[in-house]
Amino acid sequence: MSGIADVARLAGVSKSTASRALTGGGYVSDDTRRRVTDAAASLGYVPSTSAVSLATGRTRTIALIVPKVNRWYFGSIVEGVERTLIPLGYDVTLYVAEPGSNDRESLYSTYLARKRFDGIIAVALEPDDADLERLANIGKPVVSIGNALTGVPTLGLDNIAITRIITQHLIALGHTDIAFVGSTPPTDAPAKDVDERSIGYRNAMNDHGLAVRIRNVPSTLTITDAYAAAASFLADAASRPTGVVAACDEVAIGVIIAARRMGISVPTELSVVGIDGHDYAEMFSLTTIEQFPEAQGVEATRILVSMIEGTGEPSWRTEADTRLVVRTSTAPPRASN
């Protein structure tokens with residue numbers, strides 16, 4: 001395996017000059033840099049990240065913090081971040097830690113404190129999360145995906161607006177008895193994005209004089225919990241809604257599976273809408289507001305790298321792209337309803 005001495009010998013320079021040319025740790029002429037990089041390429045030599053870090057003060061590594069990776073949304077963000085960093089010559093260190101867990105405490109007290117990264121992308125932090133202050137104290141650039149955070153460039157959704165739109169879609173079809181499924185269970189920590197989606201639903205219902213029909217059904221944002229919640233409130237045909245606004249597509253899919261197993265036709269007897277654009281949405285013919293988490297990972301990475309390299313001034317709040325996709329999970333309510 002070739003080393004820096006081999007590169008220096010082939011380029012006709014000293015080892016220190018070859019090191020400076022490859023790590024950016026000092027001045028060398030353009031011609032010398034070209035000779036050294038050509039020699040390194042021909043020998044297949046790549047300088048170690050530790051050597052580059054010592055020379056430049058940068059690790060060329062990004063810390064990515066997510067609460068989970070086994071969920072479609074978070075996994076898609078990870079893909080977007082990784083796909084963007086590789087061509088830019090950066091590595092990514094993934095930290096998975098749920099709020100309130102021992103892993104999360106270790107993340108802040110040990111791993112992040114070592115500062116073996118140039119910047120941080122934090123996903124799904126709450127605005128009042130004490131971790132936000134701890135991130136700020138690390139002294140590295142931070143970009144957030146999700147909720148708007150004070151003093152941190154954030155890429156996220158207007159959750160109130162998109163839920164108003166998806167609720168109005170059902171109302172325009174003629175539905176007046178519409179439930180919101182996926183509000184945060186009372187035993188769980190508050191989730192600002194879910195709370196905002198519930199507000200969007202309520203605003204749309206109020207706008208159309210349907211305040212007395214407002215109904216919130218608690219559920220975690222998983223298919224299994226939504227299935228259990230739906231099996232309960234769909235059981236009574238007399239009080240069953242004709243439409244469901246789900247807090248996310250996974251909740252919507254749980255509702256659809258429960259309805260089908262109970263012999264309730266979707267959309268003839270129950271129309272269901274979601275939010276996200278989950279990979280399974282088309283499979284279940286789900287009407288949804290699509291967001292694009294992989295693209296959010298790409299954009300957040302570009303913002304962070306521009307902050308690290310001083311090549312751009314980020315906006316404090318950037319709204320992610322969304323799109324209403326109408327499929328066959330929605331239809332006008334039956335006349336008998």
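Since the model is a prediction, treat every value here as computed from it, not as a measurement. Heavy-atom basis, side chains included; hydrogens, waters and symmetry copies ignored.
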Under a 4.5 Å cut-off applied to non-hydrogen side-chain atoms, are I138 and F117 in contact? yes

First locate atom CE of M283, then atom CD1 of I253, and finally report the distance between them rounded to the nearest 0.5 Å. 8.0 Å

Over all atoms of both residues, closest heavy-atom pair of V81 and G297: CG2-O, 3.7 Å

Does any non-hydrogen side-chain atom of V181 lie less than 4.5 Å from one of V245? no

Would you say S14's side chain and T17's backbone share a donor-acceptor pair under 3.5 angstrom? yes

Is the shortest side-chain heavy-atom distance between V123 and F74 below 4.5 Å? yes

Any donor and acceptor pair, going by atom type alone, linking the side chain of S219 with main-chain N or O of A226 inside 3.5 Å? yes

Is the closest side-chain heavy-atom distance between R164 and D207 below 4.5 Å? yes

Does a side-chain heavy-atom distance below 4.5 Å link W316 with V152? no

Does V66 reach the side chain of L64, with side-chain heavy atoms less than 4.5 Å apart? yes

Ignoring hydrogens and geometry beyond distance, is a side-chain donor-acceptor pair present between Q296 and Y73 at under 3.5 Å? yes

Step through the shown structure and confirm whether more than 12 heavy atoms of other residues, nucleotides or ligands are within 6.0 Å of CZ on R116. no

Can S198 and R202 be counted as having a side-chain donor-acceptor contact under 3.5 angstrom? yes

Reported CD1-to-CZ distance for the pair I160 and R197, which is rounded to 0.5 angstrom: 11.5 Å

Side-chain (T288) to main-chain (G274) donor-acceptor, under 3.5 angstrom: yes

Say whether H169 and T330, considering side chains only, have a donor N or O and an acceptor N or O under 3.5 Å apart. yes

Check whether D249 reaches the backbone of I275 with its side chain - one donor and one acceptor, N or O, closer than 3.5 Å. yes

Looking at CD of E299 and CD1 of I145, how far apart are the two atoms once the value is rounded to the nearest 0.5 Å? 9.5 Å

Calculate, to the nearest 0.5 Å, the distance between atoms NZ and CD1 belonging to K140 and I120 respectively. 9.0 Å

Can you name the side chain to side chain contact (heavy atoms under 4.5 Å, CB included) partners of D279, sequence neighbours left out? W72

Do E290 and T322 have side chains that approach each other closer than 4.5 Å (heavy atoms only, starting at C-beta)? no

Can you confirm whether I165 sits close enough to T167 that some side-chain heavy atom of one is under 4.5 Å from a side-chain heavy atom of the other? no

Derivation of the salt bridge (Lys or Arg N to Asp or Glu O under 4.0 Å) call for E196 and K192: CA-CA 6 Å; E196 289 178 342; K192 188 171 186 291; 2.3 Å; yes

Going from OH on Y90 to OG1 on T84, what distance comes out if it is rounded to the nearest 0.5 angstrom? 13.0 Å

Going by the rule salt bridge (charged side-chain N to carboxylate O under 4.0 Å, His left out), which residues pair with E82 if we only count those two or more places apart in sequence or in a different chain? none

Going by the rule salt bridge (charged side-chain N to carboxylate O under 4.0 Å, His left out), which residues pair with D177 if we only count those two or more places apart in sequence or in a different chain? R215

Sub-3.5 Å donor-acceptor pair from the side chain of D118 to the main-chain atoms of R60, do we have one? yes

Closest non-hydrogen atom pair, H278 against Y280: ND1-N, 2.8 Å

Output, in order, the C-alpha distance, side-chain angles, deciding distance and verdict of salt bridge (Lys or Arg N to Asp or Glu O under 4.0 Å) for D38 and R35. CA-CA 5 Å; D38 288 346; R35 294 204 328 267; over 6 Å; no

Drop me the distance from I257's CD1 to Y227's OH, to the nearest 0.5 angstrom. 8.5 Å

